[in-house]
Amino acid sequence: MNRKNYTFRIQRFDPEKDAAPRWDEFAVALESHERLLDGLGKIKDFMDGSLTYRRSCAHGICGSCAMKINGKNRLACQTLARDMPETVVFEPLPAFPVIKDLVTDMDPFLEKNAEVLPYLMNDEPPPERERLQSPDDQHKMLQAITCIMCGCCTSSCPSYWADKEYLGPAAFVKAARFVLDTRDRAEDERLSRVAHGQGLWRCHSIYNCVEVCPKEIDITGHIALLKRLSVKKEWAGRRFRKKG
Amino acid sequence: MRYKPQTGSLAWAIHRVSGLLLTLYIFLHLYVLSQLKDPVGYASVLKTLQLPLVRLGEAGLLAVVIGHALNGFRVTLLEWGVQTVLQKRLFWGAFAVGFLLFIIGAVPILGGG
């Protein structure tokens, strides 16, 4: 066992008591195999029960414990104590409204997701059993389907910091997930919902999203794909209009 | 907003600042050109352009143009489909090439070589 002492410096904010965010420090001992989420649990259970943060699966699947840790968005459940320096600074996800301590309001983020119509659209008559997909076709969207919608990407994006109406990387990954789905038939409608001034063209390929994605999705690569498809669609439309 | 800088965000910041500087430079450039109305004005502008501070500014302009152009090329390649895993290497590659071009260009501007 390799036990080490850490100082957890946590940004606190209680809307009922605090006019502005404040900082609290806690001394936490963690084994090298423990995650930062374990440390937050020790604080909540034994030191300060008022500490507020989200957690659910604790295994990198639900995305609840996304927060800014030492200046970078990550999942607290996926960050090992042994990979961190002695002082660990916790802040809520940037650019999302803070509800309390490390809990942010995810509604604006989830609303962006709804804008890209995040469900299969196919008006062809359904087959007797299911709409089949080959392993190769499934492979095309393999990365995009692993998104857990934790919000790490969108809240790390400088374009989103500057414009809260910008759709953001997570919504683009969701759009790409269906555009790449060979069973879907709504590519044109989805592209028209993402290819606008507060959509794809506000992405400046900064790559912050790629750096923080806990599922290691090539987010900017998916955005670039949507950009290329949108340009192709627009040009094809122009040629069509000219001929007509 | 305090956020840990990464290679990609550094490239973006350089691109933004250099783009802004180049936009401002266009106005300065047009102003200088507007002074070339007669032989006296021409001689006066040429004399100003020989000042060490202006030469240093021209070397700085060269750095800004190279930085903006090469990073623009990098972003274009990446959006054309070059793999994202190469974005950092492309930045540092552009940095190395840009540094070399800057040295080649700055030596004659600053009066050496």
Side-chain angles (χ1 to χ4, degrees), chain A residues 9 11 21 23 67-74 84-85 89 91-96 143 152-164 169 172-173 176 200-213 216-232, chain B residues 1-27 60-102:
Chain A
R9 193 170 143 74
Q11 183 180 308
W23 292 91
M67 51 187 78
K68 187 166 132 188
I69 300 168
N70 279 11
K72 191 177 166 185
N73 292 352
R74 331 171 197 231
M84 302 307 285
V89 182
E91 293 167 84
L93 284 177
F96 292 163
Q143 276 200 42
C152 279
C153 57
T154 297
S155 86
S156 75
C157 174
S159 297
Y160 184 77
W161 301 341
D163 179 4
K164 302 291 184 296
F172 297 140
V173 168
L200 293 174
W201 313 121
R202 190 141 292 209
C203 165
H204 301 298
S205 301
I206 303 170
Y207 296 100
N208 269 11
C209 53
V210 179
E211 297 280 349
V212 298
C213 179
E216 297 178 356
I217 301 171
D218 176 7
I219 302 172
T220 317
H222 283 78
I223 298 175
L225 171 78
L226 291 176
K227 284 176 177 172
R228 292 198 297 277
L229 288 173
S230 301
V231 170
K232 249 186 221 170
Chain B
M1 180 80 63
R2 279 180 305 111
Y3 198 85
K4 208 171 194 170
Q6 314 277 342
T7 310
S9 51
L10 178 70
W12 167 72
I14 291 173
H15 207 64
R16 274 283 150 122
V17 172
S18 59
L20 192 69
L21 288 173
L22 287 174
T23 307
L24 294 174
Y25 170 72
I26 287 173
F27 291 101
L61 174 68
L62 179 69
V64 169
V65 169
I66 290 172
H68 197 80
L70 290 182
N71 191 53
F73 188 55
R74 163 184 168 268
V75 172
T76 307
L77 284 179
L78 289 160
E79 298 208 344
W80 267 346
V82 169
Q83 286 189 356
T84 299
V85 288
L86 296 173
Q87 66 100 354
K88 290 182 185 177
R89 269 174 274 177
L90 277 174
F91 173 77
W92 292 112
F95 188 86
V97 172
F99 187 73
L100 197 69
L101 289 175
F102 173 71

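Sequence lines set the chain letters: A, B, ... in the order given, protein chains first and strands last, and positions in each chain run from 1. If you're wondering where the values come from, they're calculated on a predicted model, not measured in any experiment.
With a threshold of 4.5 angstrom between heavy atoms, A:Lys72 approaches chain B through its backbone and through its side chain. Using a 4.5 Å cut-off between heavy atoms, A:Asn73 touches chain B through backbone and side chain atoms alike.
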List the steps, then state whether side chain to side chain contact (heavy atoms under 4.5 Å, CB included) holds for B:Thr84 with A:Tyr207. CA-CA 9 Å; B:Thr84 299; A:Tyr207 296 100; 3.5 Å; yes

CA sep, side-chain torsions, deciding dist, call: B:His15, A:His204, side chain to side chain contact (heavy atoms under 4.5 Å, CB included): CA-CA 10 Å; B:His15 207 64; A:His204 301 298; over 6 Å; no

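In B:Phe95, the CZ atom is not crowded: 12 or fewer heavy atoms of neighbouring residues, nucleotides or ligands sit closer than 6.0 Å. Crowding of A:Lys232 atom NZ: a count of heavy atoms from other residues, nucleotides or ligands under 6.0 Å not exceeding 12.
Distance check: B:Asn71 CG to A:Ser205 OG gives 10.0 Å after rounding to the nearest 0.5 Å. Distance check: B:Thr7 OG1 to A:Ile206 CD1 gives 13.5 Å after rounding to the nearest 0.5 Å.
When the candidates B:Ser9, B:Ala11, B:Pro5, B:Ala13 are compared by the number of heavy-atom contacts under 4.5 Å with chain A, B:Ser9 comes out ahead.
Taking each heavy atom of A:Ser156 and B:Tyr3 in turn, the nearest pair found is CB-OH, 3.3 Å. Nearest heavy-atom pair, A:Arg228 versus B:Glu79, reported as atom, atom and distance to 0.1 Å: NH1-O, 3.0 Å.
Salt-bridge check for B:Lys4 with A:Glu211: failed, with every basic side-chain N at 4.0 Å or more from each acidic carboxylate O.
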